[in-house]
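Input: a single structure, listed below in structure tokens.
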Amino acid sequence: MLKAYRMENVSVAEVEAISLGEQGENHVEAIARVSSMLEELGAVEPGYGDSMLARESVISTYLGHGIALPHCTYEDRRLIKRTALVLAQYPSGITWGDEDEPAYLVFGLAAVGEEHMAVMAHLAEVLDDEELCDRLSNTTDAAFVRETLSAQPE
């Protein structure tokens, strides 16, 4: 597991589960995968995946550089038991809604309170390098992924 990242004394989720080499066609399958990972960890209640899809229908959670960060709607945050972050890697890429670029790294997020802001800020800083995102999208080395995601940005 990765060490927790702290931002202004707010502890945010560790990346608790990483699944490399996933196969899928589209964001619906990827959301089902990461939501099931979150549910298996006991971080969310059943129905969290449906809320992730509902959020996606309102606004895309695609961040660019092949990264998506699906999470639930504001109204359904009651489904979150605790803050958790998971990653499913799709080396061949998947269609992400109406986006022009495929997603390769799909982070599933469940966050209590305002912790989602710290998680998103950390990921944005760490994954701001397009070349690094390409390496993460194709690696078969989970240790490399863990080290990279836990690194403090320079």
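Index from 1, following the sequence.
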message: Looking at E25, I want to see if its CD is surrounded by more than 12 non-hydrogen atoms of other residues, nucleotides or ligands under 6.0 Å.
response: no

task: Check side chain to side chain contact (heavy atoms under 4.5 Å, CB included) between E130 and all other residues, then give those that pass, not counting sequence neighbours.
output: H65

task: Can you sort out the partners of E22 under side chain to side chain contact (heavy atoms under 4.5 Å, CB included), two or more places apart, ordered by chain and number?
output: S19, R33, A88, Y90

With a 4.5 Å heavy-atom cut-off, do [X] and [Y] have their side chains touching?
{"X": "W96", "Y": "P70", "value": "yes"}
{"X": "I67", "Y": "Y104", "value": "no"}
{"X": "Y62", "Y": "E101", "value": "yes"}
{"X": "V15", "Y": "V86", "value": "no"}

message: Working note: D76 + Y48, criterion side-chain contact (heavy atoms from CB on, under 4.5 Å); need CA distance, chi angles, decisive distance, verdict.
response: CA-CA 8 Å; D76 288 334; Y48 192 77; over 6 Å; no

field: Minimum heavy-atom distance between I94 and G24, given as atom pair plus value
entry: CG2-O, 3.2 Å

- request: Give a yes-or-no answer on whether the side chains of E56 and T61 include a donor-acceptor pair shorter than 3.5 Å.
  value: yes

task: Begin with the C-alpha distance, continue with both residues' side-chain angles, and end with the deciding distance and a verdict on side-chain contact (heavy atoms from CB on, under 4.5 Å) for L149 and F107.
output: CA-CA 11 Å; L149 295 177; F107 291 89; 3.9 Å; yes

field: Under-4.0 Å salt bridge between R55 and E75
entry: no

Please tabulate, for the side chains in residues 131-142, all donor-acceptor contacts under 3.5 angstrom to protein atoms that are two or more places apart in sequence or on a different chain.
residue: S137; atom: OG; partner: C133; partner atom: O; Å: 2.7
residue: N138; atom: ND2; partner: D134; partner atom: O; Å: 3.0
residue: T139; atom: OG1; partner: D141; partner atom: N; Å: 3.0
residue: D141; atom: OD1; partner: A143; partner atom: N; Å: 3.0
residue: D141; atom: OD1; partner: F144; partner atom: N; Å: 3.3

- request: Dump the intermediate steps for side-chain contact (heavy atoms from CB on, under 4.5 Å) on V145 and L87, then the final yes or no.
  value: CA-CA 10 Å; V145 175; L87 170 63; 3.7 Å; yes

